[in-house]
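Reading through the structure tokens given below for one structure.
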Amino acid sequence: MKKSKSLLLMIALVLVIGTALAGCGGNKANNGNTASPTNAAGNTNTGSGDEKLAADQTLRLNMSADVPTFDPGQAQDSQSNVALKLMYEGLVRIDKDGKEGPGVAEKWDISADGLVYTFHLRDSQWSNGDPVTANDFVFAWKRVLDPATVPAPPYAQQLYYLKNAEQFNKGEIKDFSQVGVKAVDEHTLEVTLNNPTAYFLNLMSFYTYFPVHKSVEGNEKWATDPKTMITNGPFTLTNWITGQSVEYTKNDKYWDKDDIKLNKITATIVNEASTEVLSYKNGEIDRAGAPNGDIPPDQIPVLKNELPDDFTLKAIASIYYYEFNTKAEPFDNAKIRKAFSMAISRQDIVDKVTLASQVPAFGYIPPGIKGASEGSEYRNDYKDDFFKEDYTEAKKLLEEGMKEKGYTTLPPVTLIYNTSEGHKKIALAIADMWKKNLGIDVKTENQEWGVFIKNRQNGDYQVARAGWNPDYNDPMTFLDMWKTGNGNNDIKFDNAEYNKLLDDAYKEVDNTKRMESFHKAEEILIKDEMGVMPIYYYTQVSLQKPYLKGLVSQYDGTVDYSKAYLLEH
Amino acid sequence: MSVNQTLSSQSTQLKPEDFVQVSTDKKVAETIERESISAWRDSMYRLRQNKMAMTALVAMIIIIIAAIVGPLISKYNYYSNDLLNTNQPPSSEHWFGTDDLGRDMWVRTWMGARISLIVGLAAAMIDLFIGVIYGGIMGYFGGRVDEIMNKFSEILYSIPYLLVTILLLVVLEPSLGTIILALTITGWINMSWIVRGEIMQLKNREFVLASRSMGASSGRLLFRHLLPNAVGPIIVTITLSVPSAIFAEAFLSFLGLGVQAPVSSLGSMVNDARTGWMTYPWRMIFPAAAISVTMLAFNILGDGLRDALDPKLKK
Amino acid sequence: MVRYFLNKFFYMLVSILILITATFFLMKAIPGDPFMSEKKVPPEVQARLYQQYGLDQPVWKQYLKYMGNIAQGDLGISMKQLNQDVSGLIGKTFSASLKLGLVAIVVSVVIGVLLGMLAALYHRRLIDNLAMVIAVLGIAVPGFLVAALLQYVFSYKLHMFRVMGFTGPLDYVLPVAALSFQPIAFIARLTRSSMLEVLHAEYIKTAKAKGLSWAQIMFKHVIRNGIMPVVTYVGPMTANIVTGSVVIEQIFGIGGIGKQFVQAIGVRDYTLIMGITIFYGVLLMLARFATDILYVFIDPRVKLVGRKEG
């Protein structure tokens, strides 16, 4: 009798544990390993009835670098981006569907010609209780554009969409009232643009456009001490130990504070991917990996199996590519450039080397960038079929190219990359493919960051590793860099037709025609000239506890943690 | 022991014939060392008696032979990728497994050992040469000479080493020689300080005073009396500067300033393996073991040599 | 005595001046500048940044200006960590490295000397070999590997400590262990080697002959004399450890000065590079100075004012 009783108990126990485990498994579906760039929000499951919030709403993160500045006008990096999205509220805030939702602006009107935006501001407060007014925006934007601002804000050009902003910033216009921003009254901000800009509203959630409290005037050290940072976002910075940790606390003065469930966000600053993953596995942090942290590629295949509920892959609108210096031998010949580009296997690189399900790139504009019509994507409308990998064809092109250049043997080629495990592996894999498929010995050279950047920008290289992430959601951000004379044109690309197509696109109001121009330009860049060698479109790898919900991530991989919350776990 | 000696000498009767007049020629008067060949033979004999040291010597010879021969007896080379066979565990095909690009770990480990040994030995020898002379002069002459030379080494030591290395790699071709140069620019300083400290301590000892009073020249004092007596710390430091040079090179690789891939050193291989060592332990174990055995061998042999060479330990 | 210190002080001042000069020009000779970035800013903005930070001036003018500021005790503001005082940054990050470093030094010296002494006393016996194997392991295993292993075993497997973070006293354990690993090995070997020498020295034989007790011999003679090379080593080692280990600080997430320095060099934060270099230089010279003084106290045969000889 006794025996059977204990057996029953055992069975009951097993059943209870079993259901509990099954219950845990039930959440899996929300964290599928999807690689769809249009899925703007990583986890869209919010507020369904049976969710129970954890008692301690403290989100623990890791950042791979310190925040260089908490001044929205001076920021220019991804860590500042994460921090400032928590501390500040712009005119709009991107919502969980990736749409521009209300921020400080309750609503807005756009003129028929798309040039004048009128923002209607809600009653909201700074963290010290002062009202947030239209003047705070004018003040902040003037600060960014003013040539007298010290140091010169590096991202001032993000404001060049405003009428006369560029001229004011360059000192050609002295009177700020001519710049296209005006506080009509405390609650109305009127913005006038140079050109109708489809993505302008989206930019209002970008940090350079954030308001800044007037108290910063005359106190150049304000952004170095949490005590003097008066902010208007969902969180305030409450503790900052240089190079070690940051802590944000919920801001009770925030207009939408009822929607903020986290009480605290803490972040360690550790730039060591394997430590970060170990710490995550140990339950010390709730999320690891991009955009603010890092996961070693070596561990990706293992983590995928080990933590299927936590492992998240997301395609983002960035591209990894190699630059050919079109003014340096032997890459001043298009056929040789094409031969090199066609002689590698991108699929192998993605599958065997980078391991994060990146998408092989045969064009230059990544998926996730908007197309002509609402909701469409450029890359869906125009396929990236500009060339194919074909080793025999590559060899033929190489021979033809060498003949054109009068070479009997190819001059020695060196591929440069900056210090990183990932870049090194890709460079070695590609050099090996070139050797096997083209019979060419390419030297790979690792250079220290500063040396690398200077060499690349000065054109002291033959092939160099590069990557590009968008400044705004439009193909222009990828293509205008290759115009003759552009500061970022490290390949020294010089094509009159290409320049003209982009100039047309600047002025063009009809979005379909603009996209046509972009497509033609991309065709010249890749198909005709192969000025750059596309390799893959990026993905972003992260580990996220299943109980962490409500993150908002965008097409370019930036993540907004402010609306996150933790379920009971 | 000395007490017994005193007693026994008292019991012996000394006759005038037992005394020989010492020559007044300064050079001859100075010569009080044992014959050098026999001293060397003596040391080697004592070294051979030391089992630990001999084991270390054998281990070191094995590593050196493996570094020379290892890559030759495999059908693979150290640079060719095989993306279909990445991260394979050790097998009959790949004795040490493969790395993240499918390269054979056996060949890479021994190629790495080659590079590391060259870097470590070359850097250590240069450190020894410069450090001993510089430190010896500092310690022996003292005073203003010491002050100035000491400050010079301190300044050199304080100049950010990374800046120097970056500049060297920009100015010179990034090659093994450049890296060895970068490692030795400040590497010898530690040695010189150790030697200086030893010499400062030794130079006021009785045997030095005696030698000096008999008219030995500075050079002779320094090289025949002081430095041989400081041989213990020097050997310990030198056996430690081989590993520290090997690790310094690994640190440079970590910052992208080390040997250029696909060539790699043991240090950079361990560094490459560190993010995935729990999953692909063989990528860490073999190069790490090669480093550790090399270090172990160097250190134990160094200890043995120290014991064998030190004139103070002579019986 | 006063003259001795004044003399030392003068040499130190001159050395620092030479150090500043050498580092300044070296730093400027390296490609890159604080305002380089993968995405170029408009040339007008770039030019304004250069002008605001004085980088548009010829290098010798920048140098004179910097020297002028230094003379007034002003290390300037960081060029990359916006508007942060260099002195403030050094203070903040050094205090983290110092706290960690001091603990590590005490641990290393105590354990290292003990191991070394045991090894010397039981020369060529089991304890000697064991101690030396421990010591050699310390040298043979790279620091980051030690750190990674410690994290894996004690944090991940045994849950005794956190993997990263640096707030409570428990968070010191692993970084200190990782940091002292190598110095322990070095000190143990130095101690052993020099103790062996002392143990065989004539004056020890004399002392034994005089019938001094073992303890008297050990404390009056052996330790006092055997510890000399350790003192030589500990001076610069102290300077080395408290100035931060990049690897340990990086792996354990400690906001220390070592990490700060390497980062500053990476982004060409000129003012911060100079500030930390000067700080390191002064620290090192003080540590070496202290070593020289210690010599006198430990070994009466070494005189403070170096005699002029030959």
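A, B, ... follow the sequence lines: proteins, then strands. Residue 1 opens every chain.
- Taking CG from C/L149 and CE from B/M278, the interatomic distance works out to 9.5 Å, rounded to the nearest 0.5 Å.
- Atom CG of residue B/N190 and atom CE of residue C/M237 lie 11.5 Å apart, to the nearest 0.5 angstrom.
- Only the side chain of C/I273 comes within less than 4.5 Å of a heavy atom of chain B; its backbone N, CA, C and O stay farther away.
- Contact annotation for B/F298: neither backbone nor side-chain heavy atoms come within less than 4.5 Å of a heavy atom of chain C.
- Heavy-atom distances place no part of C/V231 under 4.5 Å from chain B, backbone and side chain included.
- Using a 4.5 Å cut-off between heavy atoms, C/D128 makes no contact with chain B at all.
- Looking at C/I265, the atoms closer than 4.5 Å to chain B (heavy atoms on both sides) all sit in the side chain, from C-beta outward.
- The choice from C/L199, C/L190, C/T243, C/I30 that makes the most heavy-atom pairs within less than 4.5 Å of chain B is C/I30.
- Your options are B/V145, B/V270, B/I291, B/T294, and the one with the most heavy-atom pairs under 4.5 Å with chain C is B/V270.
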Item to check | C/L19/B/I159 under side chain to side chain contact (heavy atoms under 4.5 Å, CB included): CA gap, chis, key distance, verdict | outcome: CA-CA 7 Å; C/L19 173 65; B/I159 291 177; 3.5 Å; yes

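- With a threshold of 4.5 angstrom between heavy atoms, B/V171 does not approach chain C through any atom at all.
- Side-chain contact between C/V14 and B/K151 is absent, with no heavy-atom pair separated by less than 4.5 Å.
- Annotation for C/G281 and B/S158: closest pair CA-OG, 3.5 Å, computed over non-hydrogen atoms.
- Within a 6.0 Å sphere centred on CZ of C/F25, other residues, nucleotides and ligands contribute more than 12 heavy atoms.
- Taking every heavy atom of both residues into account, C/M27 and B/L163 meet most closely at CB-CD1, 4.2 Å.
- Heavy-atom distances place the side chain of B/V170, and not its backbone, under 4.5 Å from chain C.
- With rounding to the nearest 0.5 Å, the separation of CD1 in C/I18 from CD in B/E154 is 11.5 Å.
- At a 4.5 Å heavy-atom cutoff, C/V282 makes no contact with chain B through either its backbone or its side chain.
- Atom CZ of B/F207 is surrounded by more than 12 heavy atoms from other residues, nucleotides or ligands within 6.0 Å.
- When every heavy atom of C/A29 is checked against every heavy atom of B/L167, the shortest pair comes out as O-CD1, 3.7 Å.
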Next on the checklist: Please evaluate residues C/Y11 and B/N150 with respect to the criterion side chain to side chain contact (heavy atoms under 4.5 Å, CB included), reporting the C-alpha separation (whole Å), side-chain torsions for both, the decisive distance (0.1 Å), and the verdict.
Outcome noted: CA-CA 10 Å; C/Y11 273 113; B/N150 196 10; over 6 Å; no

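- Contacts of C/Q182 with chain B are made by side-chain atoms alone, with heavy-atom separations under 4.5 Å and no backbone atom involved.
- Within the 4.5 angstrom heavy-atom criterion, only side-chain atoms of C/L145, from C-beta onward, approach chain B.
- C/F289 CZ: more than 12 foreign heavy atoms inside a 6.0 Å radius.
- Interface residue C/S15: backbone and side-chain heavy atoms are both found under 4.5 Å from chain B.
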